[in-house]
Amino acid sequence: MRDMRQWIAVGAAVGLVAVTLPMLREHDVQLGGLLAKKTTAGGPTITRKVEPPPLTDLDLTRIDDRRSPPTAPAHGGRVAELTINPLYQRAALGFLRAGQVPEGAVVMTDIRTGKVLVWASYVNEGALHDVAAEATAPSASIFKVVTGTALIEAGLSPSTKQCYSGGEHSIRAADMIDNKRRDKYCATLAQAMGRSINTVFARLAAKNLDHEKLGAVAAKLGWGQDTPFDVKVATSTIALPEDDLGFARTAAGFWNTTLSPFQGANLATIVANGGEMIRLHVVSSVKDEIGEIYQGASERQVLKRVMDESTASAVTTMMEATVDNGTSYRSFHDRNGRAYLPDIRVAGKTGTLTKPTPEGPFYTWFVGFAPSRKPEVAISVMVANGAKWRVKATNVACDMLRTYFADQGAPGVSDPNDRTGATAKRR
């Protein structure tokens, strides 16, 4: 019942977010005002003043990837040319479609420039909506990246050890108490990230963090914040419970936070960039019947430093464990243990959580970047399945990274589309 009440509380927060989504015009007006002031060299520019502002009514659910560059419609017959890579965009939609997922999204970014290479929202039934921009899914264990960052900033390291018991599917009050007789297992913080060990995160958070510290790190990483982008994106929400057990559960990734696929990509891009938040963008230009009215950013735009480079490096170390020997190992390796991305180390975090109702949905996440020490791309995948499923987010993420690195000519990496023209056989 407690978990159900927590979900209802999150649902209320999500409802507030949903109310803000129709306010696209207001977002466009605000962005137009910002652009008119022309603050940063190399930033987006209005090349000809128009009303309403150039990005008004930009519809990323109607991306046309049949041409290069791909385009999307905007207000009054305007056409936006996008930074999207048509090969990767088609692959993302193909993997979601082949997996017969009820709903899902893939966002991939170039971490050096902030260009969005993939913005794929997929809905199997009903009206298509921009899943990539919505924050209706629980953050699940992706929130461990936030907690892990806060723990590093509190003085812990990836090698910090914590013994534990219980907590696989829920965390009870008894699971929070150190007990040498019952705590038969121990793990480092890096191992706990890789294997998504809930009790380790819950206990370490209870010992080393408080509402103010964890909330501040979450805000720096984008939760509860309106992150600049070319279209209105729902705010990823957080509501830290007042009680100690509820706080520990939230720190471990149980309820009380939501996440958009866009924010997942933004999070991965921050860590990949050594702690700098850069402005992500998907529009390269907008034209009307007369000509160009808008140019996207021509240079990398640093918004702020979110964490020290040393903290980002430690978080990367923890995220590497997810693919090396953790919850994503099977998706990134074949049955003989051979890596699908040989000599390319991936940093990532998975998340899995089921909405506590008979009909689900069953949410899975993968958020990460590669190569982990010389990053090129960041990726965020969210899949909302029913009781029966064929692929999880981690499968789609691996196939997307294979698609990217095969296209880049990385040695030993095969394109998962090559053999069938659709998706490779699922592991």
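Side-chain polar atoms of Tyr122 and Asn124 form a donor-acceptor pair below 3.5 angstrom. Side-chain polar atoms of Lys144 and Asn198 form a donor-acceptor pair below 3.5 angstrom. Ser284 and Glu81 share no donor-acceptor pair across their side chains, judged by distance under 3.5 Å alone. For the 3.5 Å distance criterion, the side chains of Ser157 and Ser159 qualify, holding a donor opposite an acceptor. No hydrogens or angles considered: nothing links the side chains of Thr352 and Lys392 as a donor-acceptor pair under 3.5 Å. If you check the side chains of Asn273 and Arg300, you find a donor sitting under 3.5 Å from an acceptor. Looking at Thr71 and Asp64, their side chains never bring a donor and an acceptor atom within 3.5 Å of each other. With hydrogens and angles left out, the side-chain atoms of Ser328 and Thr394 include a donor and acceptor closer than 3.5 Å. A donor and an acceptor atom, one from each side chain of Thr258 and Ser236, are nowhere located under 3.5 Å apart. No hydrogens or angles considered: a donor-acceptor pair under 3.5 Å links the side chains of His129 and Glu103. Using modelled atom types, one finds a donor on one side chain and an acceptor on the other under 3.5 Å when comparing Lys207 with Gln162. Inspection of the Asp130 and Thr61 side chains reveals no N or O donor paired with an N or O acceptor under 3.5 Å.
Here the shortest heavy-atom pairing between Gly386 and Trp389 reads O-CD1, 4.3 Å. Ala251 approaches Ala205 most closely through the heavy-atom pair CB-CB, 3.5 Å. Considering all non-hydrogen atoms of both residues, Met318 and Ile152 come closest at CE-CG1, 3.9 Å. The shortest heavy-atom contact between Lys349 and Ile142 is O-CD1, 3.2 Å.
Taking a cutoff of 4.0 Å between a charged side-chain nitrogen and a carboxylate oxygen, Glu299 and Arg279 do not qualify as a salt bridge. Ion pairing between Asp175 and Arg203 fails under the 4.0 Å rule for side-chain N and carboxylate O. A salt bridge is defined here as a Lys NZ or Arg NE, NH1 or NH2 lying under 4.0 Å from an Asp or Glu carboxylate O, and Glu276 with Arg305 meets this definition.
For the atom pair CG of Leu401 and OG of Ser331, the computed distance is 11.5 Å after rounding to the nearest 0.5 Å. A distance of 8.0 Å separates OG1 in Thr235 from CD in Gln225, rounded to the nearest 0.5 Å. To the nearest 0.5 Å, atoms CG (Leu353) and OG (Ser141) are separated by 7.5 Å. In this structure, OG1 in Thr269 is found 9.5 Å from CE in Met277, a value given to the nearest 0.5 Å. Once rounded to the nearest 0.5 Å, the distance linking CG of Leu214 with CG of Leu151 reads 8.5 Å.
Contacts classified as disulfide bond (SG atoms under 2.5 Å apart) and involving residues 315-345 (residues at least two apart or in different chains) are not found.
Remark: side-chain polar atoms of Thr322 are paired, donor with acceptor, to backbone N or O of Gly348 under 3.5 angstrom. Thr47 contributes a side-chain N or O that, together with a main-chain N or O of Tyr294, makes up a donor-acceptor pair within less than 3.5 Å. A donor-acceptor distance shorter than 3.5 angstrom exists from the side chain of Trp365 to the backbone of Pro138, with no hydrogens or angles considered. Here the side chain of Ser313 pairs no donor or acceptor atom with the backbone of Glu309 at under 3.5 angstrom. With Asn385 contributing its side chain and Val391 its backbone, the two residues share a donor-acceptor pair below 3.5 Å. Checked by atom type and distance alone, the side chain of Asp230 pairs as donor or acceptor with a backbone atom of Val283 at under 3.5 Å. Arg62 places no side-chain N or O within 3.5 Å of a backbone atom of Pro73 that could act as its donor or acceptor partner. Under a 3.5 Å cut-off, the side chain of Thr113 and the backbone N or O of Lys115 do form a donor-acceptor pair. Within the 3.5 Å criterion, the main-chain N or O of Ala252 finds no donor-acceptor partner in the side chain of Thr147. Here the side chain of Thr109 pairs no donor or acceptor atom with the backbone of Val116 at under 3.5 angstrom.
Counting heavy-atom neighbours within 6.0 Å of Glu292 CD, excluding the residue itself, gives a total above 12. Around atom NZ of Lys220, more than 12 heavy atoms belonging to other residues, nucleotides or ligands sit under 6.0 Å away.
Met176 has its side chain within reach of Leu245: a pair of non-hydrogen atoms, C-beta onward, lies under 4.5 Å apart. Ile238 places none of its side-chain heavy atoms less than 4.5 Å from the side chain of Asn256. Side-chain contact between Glu376 and Tyr404 is present, with heavy atoms from C-beta onward closer than 4.5 Å. At a threshold of 4.5 Å between non-hydrogen side-chain atoms, the residues Val396 and Phe366 do not count as touching. Between Asp324 and Tyr329 there is no side-chain heavy-atom pair separated by less than 4.5 Å. The side-chain heavy atoms of Thr364 and Met382, taken from C-beta on, include no pair separated by under 4.5 Å. Using a 4.5 Å cut-off on side-chain heavy atoms (C-beta onward), Thr403 and Asn417 make contact. Contact check for Leu209 versus Phe247: side-chain heavy atoms found under the 4.5 Å cut-off.
Ring orientation note: the planes of Trp223 and Phe143 are nearly perpendicular, at an angle over 60° on the 30°/60° scale.
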Start with the C-alpha gap between Asp407 and Asp415, add the side-chain angles, then the distance that decides, and say whether side-chain contact (heavy atoms from CB on, under 4.5 Å) holds.
CA-CA 8 Å; Asp407 183 54; Asp415 188 331; over 6 Å; no

Would Leu341 and Arg402 count as a side-chain contact (heavy atoms from CB on, under 4.5 Å) if you check the C-alpha gap in whole Å, the side-chain angles of each, and the deciding distance to 0.1 Å?
CA-CA 7 Å; Leu341 296 163; Arg402 289 174 64 191; 4.0 Å; yes

Between Tyr88 and Trp119, does the ring pair (Phe, Tyr, Trp, His ring centres under 6.0 Å) criterion hold? Intermediate values first, please.
CA-CA 9 Å; Tyr88 309 156; Trp119 186 275; over 10 Å; no

Please report the C-alpha distance between Leu204 and Leu156 in whole Å, then the side-chain angles of each, then the deciding distance to 0.1 Å, and finally whether the side-chain contact (heavy atoms from CB on, under 4.5 Å) criterion is met.
CA-CA 9 Å; Leu204 290 177; Leu156 278 64; 4.0 Å; yes

Are Val413 and Ile344 close enough, and set up right, to give a side-chain contact (heavy atoms from CB on, under 4.5 Å), and what steps lead you there?
CA-CA 9 Å; Val413 179; Ile344 299 173; 4.0 Å; yes

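Looking at residues two or more places apart in sequence or on another chain, you find a salt bridge (charged side-chain N to carboxylate O under 4.0 Å, His left out) between Glu320 and Arg345, Arg373.
Exactly one of Asp226, Asp59, Asp57 qualifies for a salt bridge (charged side-chain N to carboxylate O under 4.0 Å, His left out) with Lys232. That residue is Asp226.
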